[in-house]
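As a basis for the values below, the full set of heavy atoms in this structure was taken, side chains included, without hydrogen atoms, waters or symmetry mates.
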Amino acid sequence: MAQIQGVELRSLQVNADERGHLVEIFREDWELYDPEPSMSYYSLSYPGVIRGWHRHTRGQVDHFVCPSGRIKIGIYDDREHSPTQGEVNKYIIGEHNQKAIRIPGDCWHGFKVLGNKQAILINFPTNLYNYDDPDE
């Protein structure tokens, strides 16, 4: 499996002690968040829920982090002039595999909650959500 052009992963450092842990999920000095996010949100999804497939056609890039639960992210590249056209990437991230994933918005993408626990997904998209004319 070749990594889709424009997809990037960053391992997140978990700083743990007897009180719990702290994980940085966004820093302006990380090249992962390029272009810079315009907003952030989180979604809570129940076990077995699938949120997908969708893509963005107006230049949006998504940056996914899953701080609670576990999700399997699927990304499909059907971009006409991409050197990785036709490739599918799958990543499992969450509590025990803390990663941030940069997803080119013009690639089809979605995720499924794994296990019997709900999951929280945080996204740092590069475009503001337009309630009157969503880019999905």
Side-chain angles (χ1 to χ4, degrees):
M1 166 181 84
Q3 186 163 309
I4 292 173
Q5 183 180 38
V7 172
E8 295 179 35
L9 282 82
R10 179 180 185 90
S11 294
L12 302 175
Q13 181 175 331
V14 178
N15 301 294
D17 64 22
E18 66 278 356
R19 301 168 295 171
H21 68 264
L22 179 142
V23 180
E24 294 176 334
I25 60 173
F26 170 82
R27 288 179 53 104
E28 68 179 13
D29 59 347
W30 290 350
E31 292 181 17
L32 178 79
Y33 292 95
D34 180 36
E36 291 183 9
S38 292
M39 62 179 286
S40 67
Y41 67 84
Y42 80 87
S43 62
L44 184 143
S45 301
Y46 298 116
V49 165
I50 298 172
R51 293 191 187 233
W53 290 93
H54 72 282
R55 67 178 174 172
H56 309 287
T57 59
R58 300 180 197 144
Q60 177 169 310
V61 174
D62 288 332
H63 301 92
F64 286 2
V65 174
C66 179
S68 179
R70 285 186 336 135
I71 61 173
K72 182 177 188 177
I73 298 170
I75 307 168
Y76 172 66
D77 186 358
D78 76 341
R79 298 173 292 180
E80 199 170 296
H81 300 290
S82 171
T84 54
Q85 182 182 23
E87 290 289 336
V88 176
N89 289 173
K90 300 173 200 167
Y91 304 98
I92 296 175
I93 65 170
E95 292 175 356
H96 303 296
N97 187 27
Q98 290 290 305
K99 302 235 186 260
I101 300 182
R102 179 189 191 276
I103 303 171
D106 53 352
C107 288
W108 291 94
H109 57 284
F111 69 91
K112 177 181 180 178
V113 178
L114 302 177
N116 58 4
K117 182 179 175 185
Q118 64 192 23
I120 292 177
L121 172 87
I122 299 174
N123 187 14
F124 297 92
T126 57
N127 294 359
L128 292 175
Y129 184 79
N130 183 334
Y131 291 95
D132 296 325
D133 186 21
D135 178 21
E136 294 190 359

*Asks:* Measure the spacing between CG of L9 and CZ of R102 and express it to the nearest 0.5 Å.
*Replies:* 11.5 Å
*Asks:* Identify the two heavy atoms, one from E31 and one from D34, that lie closest to each other, and give their separation to 0.1 Å.
*Replies:*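 For E31 and D34, the tightest heavy-atom pair comes out as O-CB, 3.4 Å.
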*Asks:* Starting from W53, can I reach I103 by hopping between I/L/V/M/F/W/Y residues whose side chains sit under 4.5 Å apart?
*Replies:*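 No; W53 is not reachable from I103 via cluster members.
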*Asks:* Under a 3.5 Å distance rule, please check whether R55 uses its side chain to pair with a backbone N or O of D78 as donor and acceptor.
*Replies:*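 The answer is no, because no donor-acceptor pair under 3.5 Å joins these two groups.
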*Asks:* Would you sort out whether H56 and E136 count as a side chain to side chain contact (heavy atoms under 4.5 Å, CB included), showing the intermediate values?
*Replies:* CA-CA 5 Å; H56 309 287; E136 294 190 359; 3.7 Å; yes
*Asks:* Consider only side-chain heavy atoms of I, L, V, M, F, W and Y, link residues closer than 4.5 Å, and tell whether V7 and I93 are in one cluster.
*Replies:*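 Yes.
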*Asks:* Show, in sequence, the C-alpha distance, side-chain angles and deciding distance for K90 and K72, and conclude whether the side chain to side chain contact (heavy atoms under 4.5 Å, CB included) test is met.
*Replies:* CA-CA 7 Å; K90 300 173 200 167; K72 182 177 188 177; 3.8 Å; yes
*Asks:* Determine yes or no for a side-chain-to-main-chain donor-acceptor pair under 3.5 angstrom, with R79 supplying the side chain and D106 the backbone.
*Replies:*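 Not confirmed, R79 side chain does not pair with D106 backbone.
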*Asks:* Please determine whether the number of non-hydrogen atoms from other residues, nucleotides or ligands lying under 6.0 Å from atom CG of N116 exceeds 12.
*Replies:* no
*Asks:* Do Y91 and Y76 share a hydrophobic cluster (ILVMFWY, side-chain heavy atoms under 4.5 Å, transitive)?
*Replies:* no
*Asks:* With rounding to the nearest 0.5 angstrom, report the NZ to CZ distance, K117 to R70.
*Replies:*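 Rounded to the nearest 0.5 Å, the NZ-CZ separation comes to 10.5 Å.
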*Asks:* With no hydrogens and no angle check, do the side chains of S43 and R51 hold a donor and an acceptor under 3.5 Å apart?
*Replies:*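 Their side chains do not contain a donor-acceptor pair, so the 3.5 Å distance test is not met.
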*Asks:* Side-chain heavy atoms under 4.5 angstrom apart, residues restricted to Ile, Leu, Val, Met, Phe, Trp, Tyr: same cluster for Y42 and I25?
*Replies:* yes
*Asks:* Determine all donor-acceptor pairs shorter than 3.5 Å in which one atom belongs to a side chain in residues 118-128; sequence neighbours excluded.
*Replies:*
from, atom 1, to, atom 2, distance (Å)
N123, OD1, H63, N, 2.9
N123, ND2, Y41, OH, 3.1
N123, ND2, D62, OD1, 3.1
T126, OG1, V61, N, 2.8
N127, ND2, R58, O, 3.2

*Asks:* How far does SG of C66 sit from CD of E95, to the nearest 0.5 angstrom?
*Replies:* 7.5 Å
*Asks:* Can you tell me how far apart CD (Q98) and NE2 (H21) are? Round to the nearest 0.5 Å.
*Replies:*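 It comes to 6.0 Å.
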*Asks:* Is the side chain of D135 donor-acceptor paired with the backbone N or O of Y129 at a distance under 3.5 Å, no angle test?
*Replies:*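 Checking the backbone N and O of Y129 against the side chain of D135, no donor-acceptor pair under 3.5 Å is found.
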*Asks:* Can N15 and Q13 be counted as having a side-chain donor-acceptor contact under 3.5 angstrom?
*Replies:* yes
*Asks:* Specify whether W30 and Y33 have parallel, tilted or perpendicular ring planes, treating 30° as the upper limit for parallel and 60° as the lower limit for perpendicular.
*Replies:* parallel
*Asks:* To the nearest 0.5 angstrom, please state how far the CG atom of N89 sits from the CD1 atom of I101.
*Replies:*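 Those atoms lie 9.0 Å apart.
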*Asks:* Kindly give the heavy-atom pair with the smallest separation between S45 and V113, and that separation in Å.
*Replies:* CB-CG2, 3.5 Å
*Asks:* Treat each ILVMFWY residue as a node, draw an edge where side-chain heavy atoms are under 4.5 Å apart, and state whether L32 and V14 are in one component.
*Replies:* yes
*Asks:* Has the side chain of N97 got a donor or acceptor atom that lies under 3.5 Å from a matching backbone atom of I92?
*Replies:* yes
*Asks:* Quick check for you: to the nearest 0.5 Å, what is the distance between F111 atom CZ and I50 atom CD1?
*Replies:*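 F111 atom CZ to I50 atom CD1 measures 10.5 Å (nearest 0.5 Å).
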